Every structure is written in structure tokens, then in C-alpha cells.
Amino acid sequence: MTQVRVRFAPSPTGVLHLGGARTALFNWLWARHTGGKFLLRIEDTDRERSTEESARAIADELRWLGLDWDEDPVIQSSRLPEHIAALEKLIQQGRVYKCYCTPQEREAMREQALAEKRTVLYDGRCDGKPDDPTQPFVWRFRMPRSGETVFDDLVMGRVVTPNAEIEDIVIARSDGSPLYNFVVVIDDAFMGITHVIRGKDHLTNTPKQIQIYQALGLSVPQFGHLPLILGLSKRLRSAGIGAYQEQGYLRDAVNNYIARLGWSHGDKEIFSQAELVELFDLANVNRSEGALNLEKMEWINQQHLQACTKERLAELTQPFLAQKGVEARADARLAAACETRRTKCRTLVEMADSVAFYFVADEALTYEEAAAAKHLVPRVRELLAGLGQALSSVPDWSEPALQAAVSGYCDLAGIKLKEIAQPARVAFTGSETGPGLYEMMVVLGKTSTVARLERASRA
RNA sequence: GGCCCCAUCGUCUAGCGGUCUAGGACAUCGGCCUUUCACGCCGACGACACGGGUUCGAGUCCCGUUGGGGUCGCCA
């Protein structure tokens with residue numbers, strides 16, 4: 001069997017949204033799984049809407065997802081000479097004809113078809129008309145009038161379309177510029193694409209394209225049409241992958257989630273990128289469309305967060321801290337800080353929020369009003385002062401030693417741990433929630449621990 | 001409206017004729033753990049859209065109905 005060659009072919013008219021990312025991912029996975037090539041083609045033949053900025057943004061987002069391509073991207077607009085040559089071949093073969101119909105004529109055809117409850121199709125009235133050099137025209141590709149076009153879709157199964165339902169499509173505008181359904185065929189053939197994996201919105205284009213492949217004498221690739229993602233609100237629909245990155249999602253989590261939407265491997269939910277490559281198979285892609293569930297995506301992100309080493313966690317969290325204006329290096333201390341919060345966070349934004357308290361100056365820590373009012377009451381403040389003193393003489397600043405020191409202090413003061421645990425937490429974090437007491441003190445260090453207790457005692 | 005595709009818990013899904021009184025995950029609701037919040041663990045709730053066939057036997061195959069989606073551009 002020849003090597004698999006697949007492509008992702010976005011039009012550079014915006015950012016890479018979730019649906020496009022999933023199409024790219026499935027192509028990439030199929031290439032990596034089979035040892036094939038994953039290629040990129042920028043479909044910028046719509047000059048009105050395409051921008052280089054968008055092409056760059058999409059490339060950046062693909063890179064962030066780890067979906068690397070194997071050859072230089074093909075810029076579709078640069079292939080115009082080849083497209084024109086192919087058109088000329090079809091002209092010579094007599095496979096295309098000039099259509100002089102006006103928009104009004106086409107609209108009238110459409111309305112009549114609707115009124116008669118027929119398929120809206122161009123009726124071929126210009127086929128065979130004599131040339132009229134005074135009128136503008138478009139080139140139409142003549143489809144077979146009978147028979148059917150059949151292909152076995154890798155995802156949808158056998159798709160049969162009666163040829164009478166396939167319209168004679170316009171393949172070149174009146175200015176001579178070629179159109180999508182035509183150039184996509186030429187370029188896929190040129191790039192040696194073996195499997196066209198794309199959104200299901202292209203399903204009805206496929207028989208048209210197959211007819212063009214055949215007319216041009218090109219070998220027809222295999223097709224796989226992915227069900228679309230439902231339930232995307234307008235906001236979600238326009239959100240690019242960059243938005244998920246900013247919200248603190250991990251690249252592997254995003255890939256895991258969108259892969260799992262429409263594809264599965266038994267009951268397995270969490271996949272690393274490597275596992276995805278190993279286990280992905282087009283045969284296990286669902287035919288039915290799925291809806292987005294952000295809560296599950298957060299959960300998956302959390303699972304991936306759990307799987308990170310603490311050093312990696314520190315690296316990932318550091319930029320999010322910087323964005324909050326918290327100065328912290330991705331060093332062992334940040335790693336230790338993240339470790340105390342890892343099970344609590346679903347995103348890196350949450351992680352940054354929840355470890356920030358470690359890195360503010362002791363005197364600059366702000367207390368949540370309700371927490372301070374509830375816990376930093378006069379009697380408790382005395383206890384905190386005493387605890388601070390007791391801890392200042394702990395020689396071995398480790399969790400077991402701290403645990404012993406705290407419970408020793410509780411015995412001495414005749415109180416239960418419960419009575420002082422929450423107040424101490426408020427003293428350390430400014431809030432009622434936070435890491436375990438002893439692990440937190442270890443990361444905070446003796447100086448800050450004592451200073452924060454002392455400060456809380458006089459708050 | 002024509003054509004095409006799809007149809008299992010609220011959501012993502014397992015299921016590829018008998019092992020299904022339908023399994024897992026998210027969410028929800030209980031409980032355990034516990035110095036907080038979580039994590040983890042245990043449990044509850046909850047689905048084969050409907051109607052006909054085929055078959056000894058159907059969530060699994062066929063047909064119809066209903067519902068959802070796509071498409072019908074001198075966009076891609």
C-alpha cells in the first residue's frame with residue numbers, strides 16, 4: 001500500500017476554531033498513525049476574504065496543538081497557472097461549456113424549482129449555445145445526465161448520488177478565476193493526497209469532485225467525512241483555539257477532548273498525544289454528530305494537569321502568574337507550590353490564581369473580608385501569635401516536624417487542631433480555602449510562615 | 001421544499017443478532033475520607049425516538065414515520 005498523504009486545507013478567513021482543529025487533528029492522527037504525511041494547504045482563492053494574518057494565526061494555533069506538517073504549505077493562489085491549464089484541458093475535451101445566464105435568470109430557475117418541489121438545479125440551458133463574444137460568461141462543467149456516482153466513505157459508508165441530482169457546476173468565474181470545487185481536485189491530486197478527511201459539510205461536494213477527477217483522468221482519493229460539532233453558540237463558534245490556550249487549557253487536553261468528540265476507544269477517556277496516535281483509527285469515528293460539553297472539557301483538562309510533573313506544571317503556570325502581575329520564576333519553589341494545589345485546579349488560570357498567595361509579600365497579603373471576620377477574632381489572634389512563636393523555634397522545617405510542632409502547641413494551649421487550622425489558613429492565604437497546612441508551610445518557608453502568623457495576630 | 005447524512009441516559013459514548021433486567025465518563029444528588037477546598041472511593045438518578053417487518057431470538061438487520069444535521073453561491 002502506498003504511503004498515506006493527508007492534508008488540512010483551511011481558508012484563511014479567521015481563526016482556527018474547534019471544528020477546524022478537530023478536522024486537522026484527525027488528519028494529523030491518521031498520518032502519524034499510519035506513518036504517512038500530514039500537509040497543509042492554504043485555500044486563499046477568495047481574495048476578498050483571505051488574509052495573511054489569518055493564515056499566520058491558523059498556523060500558530062496548529063503549532064500550539066502540536067499538529068506539525070511535513071512539507072512546505074501549499075498556497076493555493078500560487079497555483080493559478082496549473083488551474084488554468086486544467087481548465088483548458090477540459091475546454092479542449094468539450095467537458096465544459098460557457099454559461100451566459102444572469103443572476104436574475106438563475107433566481108427564476110430556483111424559484112420555479114422550489115414552486116414545483118424539485119431539486120434546485122441549473123438546467124443546462126446554455127449547453128450547446130453558440131458563442132457570444134459580447135456577453136460575459138462563466139465556465140460550467142457538464143455532469144453526466146444519467147447513472148449515479150458512488151463512493152465508499154471511510155466514515156459514512158457507501159454514498160450513492162443519482163447523477164441527475166448533480167448540477168453542472170460553475171468552475172470558473174466570469175473573470176476567468178477558477179472556483180473551489182475545481183481547484184481542490186487539481187491541488188489534492190498535485191499533492192498526492194490519498195485520503196481526503198474533512199467536515200461533513202463537504203459530503204455533497206464529493207460526487208461533483210469525483211466527476212472532475214474522472215474527467216481529468218486523475219485517480220480518485222478515498223474520502224472520510226467527519227460529523228460536525230453541534231451546539232456551538234455564536235460565541236463558541238467564533239472562539240479560536242487561542243482562546244482555550246488563554247483560558248488555561250493544556251494542548252493535550254484540547255486534543256483529547258476534541259478527539260473524543262466523535263471518536264472513541266472503548267471506555268477510555270484520557271489519552272496522551274502519543275496514545276491518540278497509537279490508537280486512532282478512522283474506522284472508529286462515529287457517524288453521528290456530537291455536541292460540545294465544556295464541563296467535560298474542563299474535567300479532561302484537570303486530568304491532564306494531574307498527569308504533569310510538578311516541574312512541567314511550574315513552567316506552564318509561570319506565564320499565567322506573570323499575566324496577573326505576580327513575579328515568580330518557574331523554579332523548584334513554584335513547582336512545590338503547584339504541587340500543593342494540583343488536585344484542586346481545572347485550568348492553569350485557576351492554578352495561577354490559587355498559588356499566587358505564596359508569592360506576594362507577607363505584608364501585602366490581602367484577607368478576604370468574610371474570612372477575616374470569621375476567623376481572625378481576638379482570642380484566636382492570640383493563639384496565632386503563640387503558634388508563630390512556637391514555630392519560630394522549629395529546627396527541622398519539614399512536614400512531620402511541623403505537624404508535631406503544631407499538635408504540640410495545641411496540647412499546650414488546650415485546644416483542638418480544628419480551632420486553629422482555619423484561622424492559620426486565613427493567615428497564610430488570606431482565604432478559607434487552600435492547600436494542606438503543613439505542605440503549605442513547607443513551601444512558604446519559616447520566615448514567611450512566622451511573619452504571616454504574626455501579622456494576622458495583630459490584624 | 002429536493003437531495004444526502006444521522007438517531008443508546010441532560011451531554012460524550014460502549015455495544016459490531018443471544019453474554020443487555022444495556023456498560024463507562026461528564027454533570028446532578030447522597031455517603032465515606034478530612035484541618036478548608038479539592039482529589040479519591042462508594043452509591044443513587046438516568047437512555048436503546050416511534051411503528052412495522054426479518055429471525056427461534058433485535059439496541060444490534062430491513063422498511064416507514066418522526067426528529068436532528070448538512071447541502072442546494074461567479075464562498076471555501
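All chains are named by letter (A, B, ...) in the order of the sequence lines, taking the proteins before the strands, and each is independently numbered beginning at 1. Small disclaimer: the values here were computed from a predicted structure and weren't measured.
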- Item | Phosphate OP1/OP2 of B/rC37: any A/Arg342 side-chain N/O under 4.0 Å | no
- Which part of the nucleic acid, if any, lies within contact of A/Arg106, taking any heavy atom under 4.0 Å across all strands shown: a base, the sugar-phosphate backbone alone, or nothing? base
- Out of B/rA76, B/rA38, B/rC5, minimum distance to the side chain of A/Ser11 belongs to B/rA76
- Do A/Glu116 and B/rG1 have a side chain to base donor-acceptor pair shorter than 3.5 Å? no
- Heavy-atom closest pair (A/Asp153 atom, A/Gly224 atom, distance to 0.1 Å) is OD1-CA, 3.6 Å
- Nucleotide-resolved protein contact map, nucleotides 60-70 of chain B, B/S/- at heavy-atom distance under 4.0 Å: --------BSB
- Note on the structure: note: A/Glu269, atom CD; B/rU13, atom P; distance rounded to Å ~ 10 Å
- Note on the structure: From CZ of A/Arg49 across to P of B/rA76 the rounded distance in Å is 8 Å
- Message: Between A/Lys200 and A/Glu289, is there a side-chain heavy-atom distance shorter than 4.5 Å?
- Response: yes
- Query: Using purine N1 to pyrimidine N3 plus N6-O4 or O6-N4 for Watson-Crick, or N1-O2 and O6-N3 for G-U wobble, each under 3.5 Å, what pairs with B/rC50?
  - Reply: B/rG64
- Side-chain contact check for A/Glu295: nearest option of B/rA27, B/rG24, B/rC6 is B/rA27
- Task: Would you mind classifying the nucleic acid contact of A/Val170 as base, sugar-phosphate or nothing, using non-hydrogen atoms under 4.0 angstrom?
- Result: sugar-phosphate
- Item | Whole-Å distance separating the CG atom of A/Leu261 from the P atom of B/rA25 | 19 Å
- Verify the contact: side-chain N or O of A/Thr45 to OP1 or OP2 of B/rA76, cut-off strictly under 4.0 Å; return yes or no. yes
- Item | Sugar-phosphate only, base, or nothing, as touched by A/Gly434 at under 4.0 Å among non-hydrogen atoms | base
- Interatomic distance, A/Arg22 CZ vs B/rC12 P [rounded to whole Å]: 12 Å
- Message: Measuring only between side-chain heavy atoms, which start at C-beta, is A/Ser431 closer than 4.5 Å to A/Glu368?
- Response: yes
- Indicate, with yes or no, if the rings of A/Tyr257 and A/Trp299 have centres closer together than 6.0 Å. no
- Query: A/Thr343 side chain: which of B/rG24, B/rA38, B/rA27 is closest?
  - Reply: B/rA38
- Query: Is the distance from OP1 or OP2 of B/rC75 to the nearest side-chain N or O of A/Arg173 less than 4.0 Å?
  - Reply: yes
- Message: Quick check for you: to the nearest 0.5 Å, what is the distance between A/Tyr97 atom OH and A/Arg142 atom CZ?
- Response: 7.5 Å
- When we call it a touch if two heavy atoms are under 4.0 Å apart, what does A/Gly436 touch: a base, just sugar-phosphate, or nothing? base
- Okay, side chain of A/Arg79, backbone of A/Asp187: is any donor-acceptor separation there less than 3.5 Å? no
- Message: Can you confirm whether A/Met441 sits close enough to A/Arg452 that some side-chain heavy atom of one is under 4.5 Å from a side-chain heavy atom of the other?
- Response: no
- Hey, does A/Arg41 reach any base, or is it just sugar-phosphate, or nothing, if we go heavy atoms under 4.0 Å? nothing
- Item | Any strand: nucleotide that pairs with B/rG1 via Watson-Crick or wobble, under 3.5 Å | B/rC72
- Atom C1', compared across B/rA49 and B/rG68: separation rounded to whole Å: 11 Å
- Task: Take atom CG of A/Leu121 and atom P of B/rG73, then tell me their distance rounded to the nearest Å.
- Result: 9 Å
- Message: Using a 4.0 Å heavy-atom cut-off, does A/Glu165 contact any base of the nucleic acid, only the sugar-phosphate backbone, or nothing at all?
- Response: sugar-phosphate
- Message: Using ring centroids (six-membered ring only for Trp), state whether A/Phe280 and A/Phe26 fall under 6.0 Å.
- Response: yes
- Can you figure out which of B/rC12, B/rA76, B/rC74 approaches the side chain of A/Arg140 most closely? B/rC74
- Taking only the side-chain heavy atoms of A/Ser288 (C-beta and beyond), determine which of B/rU36, B/rC12, B/rA7 contains the nearest atom. B/rA7
- Could you let me know what B/rA38 is paired to, Watson-Crick or G-U wobble, both distances under 3.5 Å, or none if it's on its own? none
- Message: Give me the distance, rounded to whole Å, that separates B/rC16 from B/rC29 when you measure between the C1' atoms they each carry.
- Response: 35 Å
- Item | Residue-phosphate contact under 4.0 Å: A/Thr161 side-chain N/O, B/rC4 OP1/OP2 | no
- When we call it a touch if two heavy atoms are under 4.0 Å apart, what does A/Asn205 touch: a base, just sugar-phosphate, or nothing? base
- Message: Rounded to whole Å, please give me the gap between CZ in A/Arg110 and P in B/rC3.
- Response: 16 Å
- Query: Roughly how many Å is it from CD in A/Gln403 to C1' in B/rU34, rounded to a whole number?
  - Reply: 13 Å
- Message: For the aromatic rings, using the six-membered ring if either is Trp, is the centroid distance between A/His202 and A/Tyr180 under 6.0 Å?
- Response: yes
- Message: Tell me the interatomic distance from A/Lys418, atom NZ, to B/rU36, atom P, rounded to whole angstroms.
- Response: 7 Å
- Message: Whether the A/Thr13 and A/Arg49 side chains hold a donor-acceptor pair (N or O, under 3.5 Å, no angle test) is what I'd like checked.
- Response: no
- Residue whose nearest RNA chain B nucleotide is more 5′ - A/Lys344 or A/Leu417: A/Leu417
- Message: So A/Tyr438, base contact, sugar-phosphate only, or nothing? Heavy-atom distance under 4.0 Å.
- Response: base
- Task: Tell whether A/Ser174 reaches the base of B/rC74 with its side chain through a donor-acceptor pair below 3.5 angstrom.
- Result: yes
- Message: Suppose you measure atom P in B/rA58 against the same atom in B/rU19; what distance do you get, rounded to whole Å?
- Response: 11 Å
- Go through B/rA25, B/rC5, B/rU11 for me and flag the one nearest to the A/Ala291 side chain. B/rU11
- Query: Is a side-chain N or O of A/Glu165 found less than 3.5 angstrom from the main chain of A/Pro162, in a donor-acceptor match?
  - Reply: no
- Query: With rounding to whole Å, what would you report as the distance between B/rG18 and B/rC26 at their C1' atoms?
  - Reply: 32 Å
- Message: Between B/rA22 and B/rC48, how many Å separate the two P atoms, rounded to a whole number?
- Response: 10 Å
- Query: Reckon A/Asn181 has a side-chain N or O less than 4.0 Å from the OP1 or OP2 of B/rG73?
  - Reply: no
- Contact class for A/Leu437 (heavy atom, under 4.0 Å): base, sugar-phosphate, or nothing? base
- Name the residue closer to the 5' end of RNA chain B, choosing between A/Cys99 and A/Ala421 according to the nucleotide with the nearest heavy atom. A/Ala421
- Message: Over all strands shown, is A/Pro162 touching base, sugar-phosphate only, or nothing at heavy-atom distances under 4.0 angstrom?
- Response: nothing
- Phosphate OP1/OP2 of B/rC6 contacted by A/Arg287 side-chain N/O (<4.0 Å): yes
- Between B/rU60 and B/rG53, how far apart are the P atoms? Round to whole Å, please. 15 Å
- Item | Pairing nucleotide - B/rA14, Watson-Crick or G-U, each distance under 3.5 Å | none
